[in-house]
**Q** 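Okay, here's the structure, questions in a sec.
We use all heavy atoms of the structure for the numbers below, so side chains are in, but hydrogens, waters and symmetry mates are not. Numbered from 1 within each chain, the chains take letters A, B, ... in sequence-line order.
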Protein chains: 2
Amino acid sequence: MENKTVRPIRKSEKGVPEPTLRRLPLYYRLLKQLREVGRSGVSCTMIGTELKLDATQVRKDIEMTGTVGRPKVGYDVNELICAIEKFLGWDISTEAFLVGAGSLGEALMGYPGFAECGLDIVAAFDVDPNKCHRVIHGKHVRHISKLPGLMRRMRVRFGIITVPASEAQQAADLLVEGGVLAIWNFAPAKIHVPDRVIVTNEDLYCSLAVLSQKMTRKLAESRSKGVSKS
Amino acid sequence: MENKTVRPIRKSEKGVPEPTLRRLPLYYRLLKQLREVGRSGVSCTMIGTELKLDATQVRKDIEMTGTVGRPKVGYDVNELICAIEKFLGWDISTEAFLVGAGSLGEALMGYPGFAECGLDIVAAFDVDPNKCHRVIHGKHVRHISKLPGLMRRMRVRFGIITVPASEAQQAADLLVEGGVLAIWNFAPAKIHVPDRVIVTNEDLYCSLAVLSQKMTRKLAESRSKGVSKS
DNA sequence: TCGTGTGAATGACTTCACAGCC
DNA sequence: GGCTGTGAAGTCATTCACACGA
């Protein structure tokens, strides 16, 4: 066998499991807290118990980022933080346009810590002229008609949609016209875009469904549980 | 060695796959649109092509709700809508308290269509006295100290947390004190609650991670691929 | 023929089990 | 002893294949 020494991360070449991606930010947040209080090392077991996850799972997730740990010592907190940042692309700043300056849009513009994830909302847009020319959390609100041109000129490639469902498609069309690469869609509506554009939907109704059903089941359960035994 | 006695795994308490739960609202929305334009029947194939999902998957999801279809005809739109509502518990109105009257909280209070899902936000609470005694989207904002007492008195069992991460645990504690049954947590922080309380986290950073990584990968990909043929 | 219903095959993710290291 | 690293086993979800019915 060839004496292959360490091989740098190539794992990222072939699709990363989405569940893993969704857990990495949880580790990231915990790690930052640990660093805050001066810890320099951490083990999967510890992360697991803290976050109520299986330690092996944590280890596999970390393996994806290319970080290697040392037995007994565990992982280096700083190294892990950097690895996750790099893996997710949070080490590089990405400028974004936000469409829809309602309260949801305002909430996102003021969301703390997006900057740490490399997300920089540089401007907002709205159809309503009354909302334009204002400044929210330091960002200018412009009329939506200016979006495509400005987007191309500033080379912004990321769009966030926070308009009502009925206007989501129109917003998406304008972003596509501006040459968008990825869209984070908060409107409860399916948007149609060319295949090259990456879309992630943040559909509150989907999450609500999970919660509603669990609650419904729990209520039904507790109603019929008083009598039955195992 | 006889390992543990045969455990007759409780099929009575058949857990519903979460992916299925997250897709049902998509069908629900589409079905309502279809009803709007006067359609009375629909097939899995149609739902599948419209939502870009596999038809068999749609069929299995629908099967979960207990609806039966007829060959050639497909499913009855109205019947299906009712079945999904009942299955998710959206046919019964649930009153909720919202903690954190910032812009995110305001956005949720004004979210259209929660009523159709049986979700009724009856009041909001905040620590900031300046935000109290106001009325947002028809709902009163009260001081957070009133939460537990009012919650018990009004028998509200559902809580929504839209406070900053640093105050999430405090908000959760008050909800627990008020006898909460389920919590929808929008704060980017893990909250600790008794096991009996159902929690669903709406962590934006988790979604952002998925999007960021896809985008990063796509950029890296197109950089090394753009030069090659065609 | 088209569409439902179902059981079996594939694939994705998680959990287990153990080897190696400190 | 604890902890990483890894391949194997197991579990859950999606996709395939086909029988049956209008």
Side-chain angles (χ1 to χ4, degrees), chain A residues 1 4-12 14-24 26-27 31 34 39-77 79-80 83 206 210 213, chain B residues 1 3-4 6-7 9-11 13-24 26-27 31 34 39-77 79-80 83 206 209-210 213:
Chain A
M1 62 212 284
K4 273 277 197 211
T5 49
V6 255
R7 128 178 4 203
I9 327 166
R10 291 297 162 200
K11 202 89 181 185
S12 55
K14 52 153 209 175
V16 185
E18 194 170 309
T20 294
L21 287 176
R22 298 190 72 91
R23 279 188 299 265
L24 286 174
L26 306 180
Y27 307 156
L31 289 165
L34 290 174
R39 275 195 75 112
S40 60
V42 68
S43 73
C44 288
T45 324
M46 188 193 178
I47 297 177
T49 43
E50 196 64 34
L51 263 43
K52 283 179 186 154
L53 294 170
D54 185 80
T56 311
Q57 186 170 69
V58 176
R59 201 174 300 128
K60 298 240 179 196
D61 288 342
I62 288 176
E63 196 182 10
M64 283 284 192
T65 68
T67 314
V68 288
R70 278 201 300 279
K72 170 73 177 171
V73 183
Y75 301 89
D76 180 72
V77 171
E79 196 185 328
L80 239 188
C206 296
V210 179
Q213 211 265 356
Chain B
M1 53 187 165
N3 39 20
K4 312 153 203 166
V6 194
R7 219 182 320 189
I9 296 178
R10 275 182 190 278
K11 231 16 186 186
E13 195 43 52
K14 50 155 197 179
V16 184
E18 193 170 309
T20 295
L21 288 176
R22 298 190 72 91
R23 278 189 299 265
L24 286 174
L26 306 180
Y27 307 156
L31 289 165
L34 290 174
R39 278 195 72 111
S40 60
V42 69
S43 73
C44 288
T45 324
M46 188 193 177
I47 297 177
T49 45
E50 196 64 34
L51 263 41
K52 283 180 186 154
L53 294 170
D54 185 82
T56 311
Q57 185 169 69
V58 176
R59 200 174 301 129
K60 297 239 178 196
D61 288 342
I62 288 175
E63 197 181 11
M64 283 283 190
T65 69
T67 314
V68 288
R70 277 201 298 280
K72 170 74 177 172
V73 183
Y75 302 89
D76 180 70
V77 172
E79 195 185 329
L80 201 44
C206 296
V210 179
Q213 211 266 355

**Q** Reading DNA chain C from 5' onward, which residue's closest nucleotide shows up sooner: A:E18 or A:K72?
**A** A:E18
**Q** Expressed in angstrom and rounded to an integer, what is the separation of B:D54 atom CG from C:dT10 atom P?
**A** 16 Å
**Q** So, OP1 or OP2 of D:dC3: does either fall under 4.0 Å of a side-chain N or O from A:T45?
**A** yes
**Q** Which part of the nucleic acid, if any, lies within reach of B:P71 when heavy atoms closer than 4.0 Å are counted: base, sugar-phosphate only, or nothing?
**A** base
**Q** Would the base of C:dG7 count as contacting B:K60 through its side chain, where contact means a donor and an acceptor less than 3.5 Å apart?
**A** yes
**Q** Can you measure B:R59 atom CZ to D:dC16 atom P for me and round it to whole angstrom units?
**A** 13 Å
**Q** Would you say D:dT14 has OP1 or OP2 under 4.0 Å from some side-chain N or O of B:R23?
**A** yes
**Q** Separation of B:I47 atom CD1 from C:dG3 atom P, in whole Å?
**A** 12 Å
**Q** Under 4.0 Å, heavy atoms only, any strand: does B:V68 hit a base, just the sugar-phosphate, or nothing?
**A** sugar-phosphate
**Q** On DNA chain C, check which nucleotide each of B:C44 and A:V73 is closest to and give me the residue with the more 5' one.
**A** B:C44
**Q** Check the distance between C:dC13's C1' and A:L53's CG and give it to me in whole angstrom.
**A** 14 Å
**Q** How is B:S43 classified with respect to the nucleic acid when contacts are heavy atoms under 4.0 Å: base, sugar-phosphate, or nothing?
**A** sugar-phosphate
**Q** Give me the atom names and distance for the closest heavy-atom approach of A:I62 to A:T65.
**A** O-OG1, 2.6 Å
**Q** Counting only side-chain N and O atoms of B:Q57, is one of them less than 4.0 Å from OP1 or OP2 of D:dT15?
**A** yes
**Q** OH of B:Y75 versus P of C:dC2: gap in Å, rounded?
**A** 18 Å
**Q** Give me the atom names and distance for the closest heavy-atom approach of B:C44 to B:Y75.
**A** SG-CE1, 3.4 Å
**Q** Measure the shortest side-chain to side-chain distance between B:Y27 and B:L53 over non-hydrogen atoms and say whether it is less than 4.5 angstrom.
**A** yes
**Q** Which residue, B:D61, B:L21, B:L24, forms the side-chain contact (heavy atoms from CB on, under 4.5 Å) with B:V16?
**A** B:L21
**Q** Work out which heavy atom in B:R22 is nearest to a heavy atom in A:C206; give both atom names and the distance.
**A** O-SG, 3.2 Å
**Q** Roughly, in whole Å, what's the span from CE in B:M46 to P in C:dT4?
**A** 12 Å
**Q** Grab the CG-P distance between A:D61 and C:dT15 for me, whole Å please.
**A** 11 Å
**Q** Which nucleotide in the list D:dT14, C:dA17, C:dT6 gets nearest to the side chain of B:P19?
**A** D:dT14
**Q** Starting at CD of A:E79 and ending at P of D:dT4, how long is that distance when rounded to a whole Å?
**A** 13 Å
